[in-house]
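Working notes, structure below.
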2 protein chains.
Amino acid sequence: MKTKPLQPTEAELDVLRILWEHGPSTVRFVHERLRRHKDVGYTTTLKIMQIMTDKGMLERDTRRRQHVYATLYQESETQQMLLDRLLESAFGGSAAKLVMQALDPQRTSPAELRQIRRLLDDMEKERS
Amino acid sequence: MKTKPLQPTEAELDVLRILWEHGPSTVRFVHERLRRHKDVGYTTTLKIMQIMTDKGMLERDTRRRQHVYATLYQESETQQMLLDRLLESAFGGSAAKLVMQALDPQRTSPAELRQIRRLLDDMEKERS
DNA sequence: TTCTAACTACGAAAGCTTTCGTATTTTCAT
DNA sequence: ATGAAAATACGAAAGCTTTCGTAGTTAGAA
C-alpha cells in the first residue's frame, strides 16, 4: 500500500518541478536549472535531493557515478495534496471560494476561462 | 503605501482564521478556539500572537489588561497571496490547471459547481 | 488590604529547513 | 599509472517556527 505524498518544502518543490518536467535527472542537471532562478551552491542542491530521497520523495539509481534521481509521486498527486492543504488552512474547505479567488479576471485569459467552462460542462454530463 | 501581506506560517494561519471569523479578539478567546482542534499551551498561543504583532501581521490594543488583537490584512488579500504562491510554485502559473484540480467532482458539490458557473457567466458578461 | 487567579513578558529549548565547507571517491585523459 | 576534474558523503552552522516554563504584573474578591 502506497503512503500519502509528503509535504514538500519550498526548496523541495523547486526540485520536484524540474523532475516533473524533465523526468529522471542528475543532480548536475537539476542544479543548472535551479541556477537560472536562484543563486545556490551545488552541494546545497545535492543535499536537498539526498534528503528528499531519505524522506521517500525521490528514488535514485546509483549504478552510474552520476546518480539519477526520479520522483516517487506524480505531479497531479502532489498538486492535489497541496491544494487540499490550502483549501483547509485558508479557505475553510470551500473549493468554490478558492476557485473564485483564483479566477481573478485580471489574470485569467479568455482561453483559460473557456477551458474551465468546458470542464464544468463535462462534469455536468457525467453526473447525469 | 501599504506593504504586501507577509507569508503566514501554519500556526499563524490558525490564528488568522479565527480573527477573520470573529474580529478583534483576546488571546484567551483565540486560544480556546484553537484548543478545539489542537492541544497546545496558552503561552504558546500568546507567543505566536506576539510574534505576529512584531512581524506586522496583527495590531493590538493594550489599553485593557487583556490585549485585543486584530488582523492587519484582509482575508481575501492573504488568500490571494497564498494562492499566487501555490500557483507559481506548483502549477506553473496556470490558474486553469489549478482550478481543474480543485474541482475534483468527488469533492465538489453540485451547489458549488453552479456557483462557479454563475461566476463564469458574470465574467463573460462584464468582458463584453 | 491582601491573596489569588489570570494576564503579559521573556528566554530558551527543540525541531525543521537551508546552506555550504571539507573529505572522500571515482573517472578519464595524458 | 597518475593527476585533475567532478561526483558523492558527511557534518555542522545559521535561521526559522513552534513550544513551553518561569517570572513578573495586574485586577478583583474576600
Side-chain angles (χ1 to χ4, degrees), chain A residues 4-19 24-70 78 81-82 85-86 88-90, chain B residues 5-19 24-70 78 81-82 85-86 89-90:
Chain A
K4 274 188 291 187
L6 305 168
Q7 289 279 356
T9 67
E10 205 64 32
E12 287 167 354
L13 256 181
D14 289 342
V15 171
L16 286 175
R17 273 206 309 282
I18 292 167
L19 290 178
S25 310
T26 62
V27 175
R28 176 60 60 190
F29 178 83
V30 170
H31 180 63
E32 294 303 329
R33 284 279 165 160
L34 280 183
R35 285 294 293 261
R36 294 184 181 180
H37 298 293
K38 198 180 178 187
D39 190 20
V40 76
Y42 175 83
T43 55
T44 301
T45 304
L46 171 65
K47 183 68 163 185
I48 294 284
M49 292 175 75
Q50 287 173 339
I51 289 172
M52 291 171 78
T53 306
D54 290 344
K55 286 186 182 174
M57 288 177 178
L58 302 182
E59 65 181 354
R60 66 177 165 181
D61 180 343
T62 61
R63 283 174 303 181
R64 298 206 201 161
R65 185 159 89 105
Q66 288 200 150
H67 297 176
V68 174
Y69 290 77
T78 305
M81 188 267 302
L82 292 169
R85 183 159 63 110
L86 184 64
E88 282 312 310
S89 71
Chain B
L6 304 168
Q7 288 280 357
T9 66
E10 205 64 33
E12 287 167 354
L13 256 181
D14 289 341
V15 171
L16 285 176
R17 275 205 307 281
I18 292 167
L19 291 177
S25 310
T26 63
V27 175
R28 176 60 60 190
F29 178 82
V30 171
H31 180 64
E32 294 303 331
R33 284 280 166 161
L34 280 184
R35 285 293 294 261
R36 294 185 180 179
H37 299 291
K38 198 181 178 187
D39 189 21
V40 76
Y42 175 84
T43 56
T44 300
T45 304
L46 171 65
K47 183 67 162 185
I48 294 284
M49 294 175 76
Q50 286 172 337
I51 289 173
M52 292 172 78
T53 306
D54 290 344
K55 286 186 183 176
M57 286 177 179
L58 302 182
E59 65 182 354
R60 66 175 165 183
D61 180 344
T62 61
R63 283 174 301 183
R64 299 207 200 161
R65 186 158 90 103
Q66 290 202 148
H67 296 176
V68 174
Y69 289 76
T78 304
M81 189 267 303
L82 292 169
R85 183 158 65 109
L86 185 64
S89 72

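Every chain is numbered from 1, with letters handed out A, B, ... down the list of sequences.
In this structure, the CD atom of Gln50(B) is 12 Å from the P atom of dG11(C), given to the nearest Å. Separating the CG atom of Leu34(A) from the P atom of dC20(C) is a distance of 12 Å, rounded to the nearest angstrom. Rounded to whole Å, atom P of dC10(C) lies 17 Å from atom CE of Met49(B). The CG atom of Leu46(B) sits 13 Å away from the C1' atom of dT22(D) (whole-angstrom rounding). Atoms NZ (Lys47(A)) and P (dA23(C)) sit 16 Å apart, rounded to a whole Å. Look at NE2 on His31(A): it is 13 Å from C1' on dA6(D), rounded to the nearest Å. In this entry the distance linking CD1 of Ile48(A) with C1' of dA9(D) reads 15 Å, nearest Å. In this structure, NE2 of His67(B) is placed 11 Å from C1' of dT25(D), rounded to the nearest angstrom.
Checked against dA6(C), dA9(D), dA7(D), the side chain of Arg65(A) finds its nearest nucleotide in dA7(D). When distances are taken from the side chain of Ala11(A) to each of dA9(C), dT18(C), dA9(D), the shortest belongs to dT18(C). If you check dT19(C), dC10(C), dT19(D) against the side chain of Lys38(B), the one that comes closest is dT19(D). Listed candidates were dT18(C), dA6(C), dA9(D). Nearest to the side chain of Glu10(A) is dT18(C). Among dA9(D), dA6(C), dT19(C), the nucleotide with an atom closest to any side-chain atom of Arg28(B) is dA6(C). Distance from the side chain of Tyr42(B) is smallest to dT8(C) among dT19(D), dT8(C), dT17(C). Looking at the side chain of Gln66(A), the nearest of the listed nucleotides dT19(C), dA12(C), dA6(D) is dA6(D).
Within 4.0 Å of Arg60(A), counting heavy atoms only, lie sugar-phosphate atoms of the nucleic acid but no base atom. Counting any heavy atom pair closer than 4.0 Å across all strands shown, Thr9(A) reaches sugar-phosphate atoms only and no base atom. Counting non-hydrogen atoms under 4.0 angstrom, Thr44(B) reaches a base of the nucleic acid.
Distance check, rounded to the nearest 0.5 Å: CD1 of Ile18(A) to NE2 of His31(A) gives 10.5 Å. How far CG of Leu16(A) is from OH of Tyr69(A): 13.5 Å, rounded to the nearest 0.5 Å.
Between the side chain of Thr53(A) and the backbone N or O of Met49(A) there is at least one donor-acceptor pair closer than 3.5 Å.
Side-chain atoms of Gln7(A) and Arg85(A) form a donor-acceptor pair, as typed in the model, at a separation below 3.5 Å.
The side chain of Lys55(A) contributes no N or O atom lying less than 4.0 Å from OP1 or OP2 of dC16(C).
Each of Arg64(A) and Val40(A) lies near DNA chain C, and the nucleotide nearest Val40(A) is the one positioned closer to the 5' end. When each of Thr43(A) and Glu12(A) is assigned the nucleotide of DNA chain C bearing its nearest heavy atom, the one mapping closer to the 5' terminus is Glu12(A).
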Might you work through the salt bridge (charged side-chain N to carboxylate O under 4.0 Å, His left out) test for Asp14(A) and Arg17(A), ending with a clear yes or no?
CA-CA 5 Å; Asp14(A) 289 342; Arg17(A) 273 206 309 282; 3.1 Å; yes

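Residues Thr43(A) and Lys47(A) fail the side-chain proximity criterion, which asks for heavy atoms closer than 4.5 Å.
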